[in-house]
Every structure is written in structure tokens, then in C-alpha cells.
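Written below as C-alpha cells is the structure these notes are about.
A, B, ... follow the sequence lines: proteins, then strands. Residue 1 opens every chain.
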Amino acid sequence: MIAEFQYEIAFALTIGIEYLVLLALVRNGPWRLLLYSVLVNGLTWPIANVVFRTTTVSYWLAETAVWLVEGVLLTFLLRTGVLHGLGLSLAANLVTALIGWYATGRLTG
Amino acid sequence: MLQGWKWLTTLAPLAALLISTTPASADIIMPGQKSISYCFEIANISEFPDYAFIVSFAEPIGGHQMIEQGKCVQFYKLARPVIYAAPKAGFSPSEIPADKAAEKSYFDTNPKLLKSSVQISNPGTVDEKDPRSEAVDVLRVVGMSGRTLDIKKESVRYVYTNGARETLPYMSQDERPEPKAIPAPWYLYGLIAVPVLAAIGLGALFLRRRRAH
């Protein structure tokens, strides 16, 4: 049964965890941040999964691309500086990437 | 970004160990073959509240199970299950003997039991290129008369290795419908639709802001 919904669960977990990280760091506009988390991850998560699953792109390279794209989007959405946007994205993606990395014991690639 | 299949790989072996209780999992699978998960269920047991439904695995290993509404019955791939119904009045599941010979005798001679002739088979193993990973036969009780329990195979639900699902109706009671073409899994549509919707949402937000300025 878990396998049936693995994509939905992973997608929902990614949105939920990144949202909590953003909320902890921004501490303003929880519903707005939830909308941003859904939109930003809705754009990057499916594309990154397709790329990662169908090409030889490494896990960490895919994560880096996701970090940069989400960082730019958060910069515009939150009307903040590029460094701040990239920092928020880095924190959010680092948490989910490390959870995924730890959960599978995947040390490379 | 959590990769769906990644965290799953840590849980899957444990889940498989817990779930896998049939002897079939211990069988040797020939090269070029793979095993697929199989079970059957009876869709309309709830329409017969006065009857208990039992499946007997007289051949080759013995044993029996009560069939409940919504329960999918798994069994050893070489077993030949026979389904019975018994009026609940005066029946207790504990009256069925555990001893193989006594159990067989119980099912062969008990005048209270209604017996079905539906032939149920567990496909067990298939060619490793076969797209199916799970199969569920859906049966339906269509009548009871005398000592006869009339059950028909209604449909088979397949889950494919790519995650797609399909339900095919039985056209012949003797032949399980074979998958014709593997349908595209739902998540392929999701992988396209979700980013498109997200891009539209982000675009709308940016446009709204530009206009506000």
C-alpha cells in the first residue's frame, strides 16, 4: 500500500517539511508561505524527479539545481534579497535532502 | 526534495517480511520468471448477512479461512480453493477441524454447507517481462439453491509495475482477462500537470504584483 502512494507521500512530505523550515525562518504569513511552498515545490519536485530518474544526473546535482531555482523564486515571492532567498531555499532543501539521504543510506551520487 | 522510491527502499524489505505469510514466497522462481501478488475477494458478501463464507484449501496443503467483506484472500499458488457458505445459525468457525483429514471430511460431508464450483487459481509466477505486479480476482455471489453456492468471477484488478491500475471484466469464467496494453500510470499525468499548474500559479502571482506596481 505504501508503494502505491510513494510519490504522493514523498511530494507531500517535501512540501510539508520545506514549509515548516520556511515558517521557522520567516515567521510571517503562514498561509502565504504554505501557498509559496506548494507552488515552488509543485514546479521543481516533479521535474527534478523525472530528470533524476531518467538521466544520469546525480542526486546532489539535482538538489543543487532545485536549490537555485527555488532560491530565485523565493527571492521574488518574498520580495527579499537574492542571498536571503537562496539562504532560505538552501535551509529548506538541505533538510529534505538530508532526510532523503539519511533514509536511504545513500552516500554518493 | 525527498525521492519517493528512496525512503521506500528502507521500508519495503521490512514491510515485505511482515506481509509475506504465504508459502509461495518460499518457492523457487525459475529463471526468466517473477512472482506476482495475488488474492481474491467476494464483492457482495454483505448482501448475505445470514451466511458465513469459508474457503477451504483441501488440496494440496489443507487449511481454511473465513471470508469477510472487503477481505482479499491470499493462498499458496498450488492450492485449489473451494468456497463454501454456511447458515450462520448453528455454525461456529471453531467447529471446523484443524486436522487435515477431519477437515476434508467436514467439508465433504457437512450437509449444512453450500458448495461453489468456481475455479480460482493463483497465477503464482509469470514471465519476468510481464507488466503485472499484482492481481485481484473479484468474485460475486449470484445465487444459492439447495447445496449449491453460485459464484461468478466478475473482474480482475491489475496493478502494473509502472504503478498503473486497470480493472478488466471476465468475459469467460474459464479465462482470466489478460492485459492488452499497459495504461499510463496516473503519476505520469501528475508529473506534467502539477508543474504546469504551479507555473500558472506562480505566473499569476507575478503578474498580479506587476499590475499592483
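Of all non-hydrogen atoms in B:Ala198 and A:Gly42, the two that sit nearest each other are CB-C, 3.5 Å.
Within residues 69-76 of chain A, the residues that have a heavy atom under 4.5 Å from a heavy atom of chain B are A:Leu73, A:Phe76, listed by number.
To the nearest 0.5 Å, the span separating CG on A:Leu39 from CD1 on B:Ile200 amounts to 11.0 Å. Between the CG atom in B:Leu191 and the CZ atom in A:Phe11 there is a gap of 9.5 Å [rounded to 0.5 Å].
For A:Leu77, the parts sitting under 4.5 Å from any heavy atom of chain B are the backbone and the side chain alike. Within the 4.5 angstrom heavy-atom criterion, atoms from both the backbone and the side chain of B:Leu202 approach chain A.
Other residues, nucleotides and ligands contribute over 12 non-hydrogen atoms within 6.0 Å of the CD atom of B:Gln173. Counted within 6.0 Å of NZ on B:Lys104, heavy atoms from surrounding residues, nucleotides or ligands total 12 or fewer; the atom is thus considered open.
Sorted by first and then second residue, the disulfide (SG to SG under 2.5 Å) pairs involving residues 19-81 of chain A (not counting sequence neighbours) form an empty list.
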